[in-house]
Amino acid sequence: MADIGLGRTHHAAVAASPTGTDAAGPYFSPLEWSIVRLASADGLATLRTPGPVGRFINRLMGQTGSVELASPRLEALRRIAVLSWNFGLAVPADAIAEFLSAGFSRSQYELLASRIGAASTSRQGGPA
């Protein structure tokens, strides 16, 4: 698993601040960080709904169900994390807008992107 570091986490403050930002700055809950870490293993194909052929192949292979999370907010986090793991800072603007409309803040996106960028660099052996 990628080491993105949990940094500062809140338990009681998560419910009190739905945007994940307080006086000390942006943060994610431990659950949210775990989704970001798990998203590093998800491919871009997990962002698309399979068509009829894809569903047939999935059934043939014994794969039932979806990788989508039940919570729309957490699914928006998973989707932006998958895109960030794959494209770094070159995430489409509409994906960022979806992330923000799910209740996250721009400062949370910046925190996410910086942590994923640092983890991606360390996975590749660091800067040359």
Side-chain angles (χ1 to χ4, degrees):
M1 282 285 148
D3 179 23
I4 61 170
L6 289 176
R8 193 169 58 86
T9 61
H10 294 269
H11 299 285
V14 172
S17 177
T19 61
T21 304
D22 63 12
Y27 64 87
F28 289 103
S29 71
L31 171 64
E32 291 167 335
W33 278 126
S34 68
I35 289 168
V36 172
R37 277 193 305 277
L38 291 171
S40 69
D42 289 350
L44 293 173
T46 65
L47 302 179
R48 292 185 295 274
T49 303
V53 173
R55 287 192 304 270
F56 176 73
I57 291 172
N58 285 345
R59 265 189 244 118
L60 270 175
M61 303 298 281
Q63 298 173 341
T64 59
S66 172
V67 295
E68 283 190 23
L69 299 173
S71 163
R73 185 173 194 277
L74 295 178
E75 177 59 17
L77 175 62
R78 185 191 75 83
R79 294 176 71 80
I80 199 78
V82 168
L83 290 169
S84 296
W85 281 112
N86 284 278
F87 297 120
L89 294 175
V91 173
D94 60 333
I96 296 171
E98 178 186 333
F99 177 75
L100 297 176
S101 70
F104 292 100
S105 68
R106 182 159 292 282
S107 59
Q108 282 180 296
Y109 172 70
E110 292 166 0
L111 173 63
L112 174 90
S114 68
R115 293 276 176 91
I116 288 176
S120 294
T121 300
S122 68
R123 266 205 259 178
Q124 298 168 359

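Note that the coordinates shown come from a computational prediction; the quantities given were computed from them, not determined experimentally. Hydrogens, waters and symmetry mates are skipped; everything else that's a heavy atom, side chains included, is used.
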Report the C-alpha distance between L111 and R115 in whole Å, list the side-chain angles of each, state the deciding distance to 0.1 Å, and finish with yes or no for side chain to side chain contact (heavy atoms under 4.5 Å, CB included). CA-CA 6 Å; L111 173 63; R115 293 276 176 91; 4.0 Å; yes
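- A distance of 9.0 Å separates CG of L83 from CD of E98, quoted to the nearest 0.5 Å.
- Closest approach of Q108 and G103 over heavy atoms only: OE1-O, 4.4 Å.
- With sequence neighbours left out, the side-chain hydrogen bond (donor to acceptor under 3.5 Å, both in side chains) criterion links T46 to R78.
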Going through the distances and angles, do L74 and L31 end up as a side chain to side chain contact (heavy atoms under 4.5 Å, CB included)? CA-CA 9 Å; L74 295 178; L31 171 64; 3.9 Å; yes
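- To the nearest 0.5 Å, atom CG of residue L89 and atom CD1 of residue I96 are 8.5 Å apart.
- Shown here for V82 and G43, the closest heavy-atom pair between the two residues is CG1-O, 3.8 Å.
- Separation of atoms CH2 (W85) and CG (D42) is listed at 11.5 Å; rounding is to 0.5 Å.
- Distance check: S29 OG to I35 CD1 gives 7.5 Å after rounding to the nearest 0.5 Å.
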Take F104 and L112, measure what side chain to side chain contact (heavy atoms under 4.5 Å, CB included) needs, and give me the verdict at the end. CA-CA 11 Å; F104 292 100; L112 174 90; over 6 Å; no
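- A perpendicular orientation is assigned to the rings of W33 and F28, their planes being inclined by more than 60° (bins at 30° and 60°).
- Annotation: cation-pi pair R79/F99 absent, no NZ/CZ under 6.0 Å from the ring centroid and within 45° of its normal.
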Step-by-step side chain to side chain contact (heavy atoms under 4.5 Å, CB included) determination, V91 to N86: CA-CA 9 Å; V91 173; N86 284 278; over 6 Å; no
